[in-house]
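Hydrogens, waters and symmetry mates are skipped; everything else that's a heavy atom, side chains included, is used.
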Amino acid sequence: MPTFDENGLPPGYPFQPDWEITPREFVRRKAAGEPLVLIDCRTAPERDLATIPGSIHVPMHDLAARL
């Protein structure tokens, strides 16, 4: 079973707070009713393993072109 740190991130994940939030911060803000847009930038095979309801799928390699 995977392990996660206090923010809900895998150990050693290179978190970049300028453009991402942690999983736990997302859950907190969503529960507070804050309008959020969640972009799922995983590849299609990664996303096929588990989807995130309400997310918008834009694979990382397409992100710059689609923004």
Exercise for review: First locate atom OG of S55, then atom CG of L38, and finally report the distance between them rounded to the nearest 0.5 Å.
Suggested key: 5.5 Å
Exercise for review: Can you see which heavy atom on P59 is nearest to which on R66, and at what distance?
Suggested key: CD-NH1, 4.4 Å
Practice item. Quick one: pull up SG in C41 and CD in E46 and give me the separation to the nearest 0.5 Å. Key: 8.5 Å
Practice item. Please report the shortest heavy-atom distance between P23 and G8, naming the atom on each side. Key: CG-O, 3.4 Å
Practice item. Could you tell me whether the side chain of N7 and the main chain of L9 form a donor-acceptor pair under 3.5 Å? Key: no
Study note, to complete from the structure: Interatomic distance, CZ@R29 vs CD1@I21, rounded to 0.5 Å, equals 4.5 Å
Review point. Going hydrophobic residue to hydrophobic residue with side-chain gaps under 4.5 angstrom, can you get from I56 over to L63?
Key: yes
Exercise for review: Please confirm whether the backbone N or O of H57 pairs with a side-chain atom of R47, one donor and one acceptor, at under 3.5 Å?
Suggested key: no
Exercise for review: Establish whether V37 and M60 are linked, either directly or via other cluster members, by ILVMFWY side-chain heavy-atom contacts under 4.5 Å.
Suggested key: yes
Review point. Is there a donor-acceptor contact under 3.5 Å from the side chain of E20 to the main chain of Q16?
Key: yes
Review point. Is I52 linked to L36 within one hydrophobic cluster, defined over Ile, Leu, Val, Met, Phe, Trp and Tyr using a side-chain heavy-atom separation of less than 4.5 Å?
Key: yes
